[in-house]
Amino acid sequence: MIAPSANTIIRLTLSVAATTAAATFLLFWADGQDLTFNGLMVLPLGILVVAGMLLVSQISRKPVSAATVVWFFFFLFYGLIPVSQHSAERWKWIGSTSFAPSSDFLTAQCFVLITLLTTAFLYRNWTQGVIEPKFEIYEISKKRLKIALSLIFLGIVIVIAISGIEILLIRGGEDYAQKSSTLLKARSLDRGTLIILHNFLRPFSLILALALIFAAPQHTIAKWLSICMALILNIPTSTPRYYLFAIAFVVISAFLRRTNLRTIAVLVFFIFGFYLSAGFTLFRHGIPTIEEFFSISTDYLYAGHFNNYEALVLHADWIAMEGYSFGKSVFSLFAVIIPREFWPNKPLSPSLEFASGYLAYQWGAALMNVGAPTLGSFFRDFGLAGAPIAGGTIALVASLIDTGKVPPWRKPSNEEQPWKPLYQLFIMPLLAGGMLVFLRGNLWFGTQTLVLFLMAGLLLLWVMNSSGSKSKRGFG
């Protein structure tokens with residue numbers, strides 16, 4: 001991995017800082033918000049600076065990576081958003097209740113900072129000496145090409161047969177919840193089954209279709225057919241935002257081979273991702289107008305989409321009320337791969353437990369659309385001692401994704417193997433994008449997403465296994 005020059009890092013740092021400051025100012029100015037400073041903004045500002053420096057360093061070396069997502073997540077969710085919320089003194093839950101004293105804010109901020117520093121230290125040590133040689137993609141055999149097309153078509157049939165074609169045309173919201181609930185009850189299926197099905201077959205069909213663009217250069221009709229079939233399962237307005245994030249990483253990785261082009265693309269995507277995320281949320285309630293899609297409002301910051309910091313603060317109050325859960329959430333991760341229809345007494349997910357066991361008690365009403373942050377699970381399980389555990393877990397997962405091997409037992413290698421370019425171009429970016437779900441939470445759903453993405457990648461490697469000649473278009 002080539003180290004960037006000092007000038008490159010300085011230019012990127014200034015660009016990110018200036019863009020972030022300008023975007024934040026314009027956003028609040030457009031909404032007429034008054035910004036103030038208070039002492040509880042100090043640690044979030046520190047997190048913002050540290051995560052920003054890590055992000056700039058990583059994005060100049062390897063922009064499409066799990067580490068890039070990790071540093072961006074801390075920069076936005078535990079740096080920029082908390083600073084904005086404290087400055088404007090606007091919250092989704094805290095402002096309407098009497099709980100969450102200053103000590104809870106400070107405890108949560110210390111937890112985040114320790115986690116961030118632990119992650120940075122371990123990730124750097126576990127990824128040193130990684131060699132990324134140039135690869136070439138092997139052409140797929142005709143037999144394997146037929147298998148690939150058949151599997152994509154089979155995926156469409158399975159999804160439509162189980163969930164119905166209408167589920168592929170809407171994304172989230174009340175309509176989705178009502179229609180999917182009715183559909184699944186009629187088929188005696190659990191909603192978790194639908195999520196597992198979609199988070200496996202959707203990404204598999206798309207990364208396979210993209211891989212065929214390079215692995216089947218002589219089969220134009222087959223390539224376009226695979227793309228068209230994959231798009232049926234991946235209609236942009238009907239797919240979750242976290243999944244669109246992962247797919248964007250895959251597309252950038254597949255079609256932009258030079259590091260500087262990837263860096264520019266990732267920066268642009270991060271800068272405008274906030275607005276795209278807000279815009280695609282409107283599709284839950286129908287088709288928005290152009291004006292609605294591009295409307296700018298700070299309300300989006302406080303509607304729950306960026307509630308990780310606030311929810312983590314509330315976990316401190318939850319611990320004060322009920323004590324620690326001593327590993328209950330972390331050690332029950334095996335439950336994520338088992339649908340509730342096969343395990344009726346399956347424990348509640350961290351999000352449902354947070355909503356029903358804490359927020360509902362505070363608000364006096366049932367709250368369903370609430371996400372518990374991944375750091376919150378480590379916090380409630382182990383207290384401040386959970387911060388280095390969380391940091392080690394995040395560093396381990398990110399290192400595994402970015403290197404393709406488990407640290408610290410990984411040994412650098414530059415051997416050319418057919419699976420390596422496929423992993424670096426399609427599977428690694430997909431898993432890196434999935435890190436956003438893993439970090440945002442809840443822990444169970446994020447882990448399930450990464451496992452399903454990995455299964456999709458492993459199936460891709462099996463399908464593409466071929467001893468054919470190398471494609472003329474190389475990687476590196």
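Between the side chain of Thr393 and the backbone N or O of Ile389 there is at least one donor-acceptor pair closer than 3.5 Å. At distances below 3.5 Å, not a single donor-acceptor pair connects side-chain atoms of Thr68 with backbone N or O atoms of Val64. Of the possible donor and acceptor atoms, none in the side chain of Thr403 sits under 3.5 Å from a partner among the backbone N and O of Thr127. For the pair Asn307 (side chain) and Glu310 (backbone), a donor-acceptor distance under 3.5 Å is absent. Thr374 contributes a side-chain N or O that, together with a main-chain N or O of Phe438, makes up a donor-acceptor pair within less than 3.5 Å. Of the possible donor and acceptor atoms, one in the side chain of Arg262 sits under 3.5 Å from a partner among the backbone N and O of Ser253. With hydrogens and angles disregarded, a donor-acceptor distance shorter than 3.5 Å links the side chain of Gln109 to the backbone of Leu40. A donor-acceptor contact shorter than 3.5 Å is absent between the side chain of Asp317 and the backbone of Val313. Of the possible polar contacts, one joining the Tyr423 side chain to the Ile401 backbone as a donor-acceptor pair under 3.5 Å is found. With hydrogens and angles disregarded, a donor-acceptor distance shorter than 3.5 Å links the side chain of Arg202 to the backbone of Leu233.
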| task | Go through the steps to decide whether Val251 and Leu206 satisfy the test side-chain contact (heavy atoms from CB on, under 4.5 Å), and finish with yes or no. | result | CA-CA 10 Å; Val251 172; Leu206 194 58; 6.0 Å; no
| request: Dump the intermediate steps for side-chain contact (heavy atoms from CB on, under 4.5 Å) on Phe453 and Ile207, then the final yes or no. | output: CA-CA 10 Å; Phe453 282 3; Ile207 61 175; over 6 Å; no
| task | Carefully, step by step, assess Tyr78 and Phe73 under the rule ring pair (Phe, Tyr, Trp, His ring centres under 6.0 Å). | result | CA-CA 7 Å; Tyr78 290 119; Phe73 179 83; 5.7 Å; yes
| request: Decide ring pair (Phe, Tyr, Trp, His ring centres under 6.0 Å) for Phe105 and His86; before the verdict, give the C-alpha distance in whole Å, the side-chain angles of both, and the deciding distance to 0.1 Å. | output: CA-CA 10 Å; Phe105 284 108; His86 279 294; 5.0 Å; yes
| field | Verdict with reasoning, Gln448 to Val437, per side-chain contact (heavy atoms from CB on, under 4.5 Å) | value | CA-CA 10 Å; Gln448 181 191 75; Val437 193; over 6 Å; no
| query | Passes side-chain contact (heavy atoms from CB on, under 4.5 Å), Leu459 versus Phe200? Steps please. | reply | CA-CA 10 Å; Leu459 185 56; Phe200 171 67; 3.8 Å; yes
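In terms of heavy-atom proximity, Thr118 sits nearest to Gly392 at CG2-N, 4.0 Å. The minimum heavy-atom distance between Val112 and Leu375, with the atom names listed, is CG2-CD1, 4.2 Å. Looking at every heavy atom in both residues, Gly376 comes nearest to His315 through O-CD2, 3.3 Å. The minimum heavy-atom distance linking Phe249 with Gly433 is given by the pair CD2-N, 4.3 Å. A pairwise comparison of heavy atoms in Pro44 and Pro82 identifies CB-CB, 4.0 Å as the closest pair. Here the closest non-hydrogen pair linking Pro388 and Ile114 is CD-CG2, 4.0 Å.
Taking CD1 from Ile252 and CG from Leu425, the interatomic distance works out to 13.5 Å, rounded to the nearest 0.5 Å. Note that the CG atom of Leu116 and the CZ atom of Phe75 stand 12.0 Å from one another [nearest 0.5 Å]. Between Ile264 atom CD1 and Ile59 atom CD1 the span is 10.5 Å, to the nearest 0.5 Å. If you take CG on Leu113 and CG on Leu106, they are separated by 12.0 Å, rounding to the nearest 0.5 Å. Atom CZ of Phe379 is separated from atom CD1 of Ile319 by 4.0 Å, given to the nearest 0.5 angstrom. For the atom pair OG1 of Thr263 and CZ of Arg258, the computed distance is 11.0 Å after rounding to the nearest 0.5 Å.
Phe378 and Phe382 have tilted rings, their planes meeting at an angle from 30° to 60° on a 0 to 90° scale.
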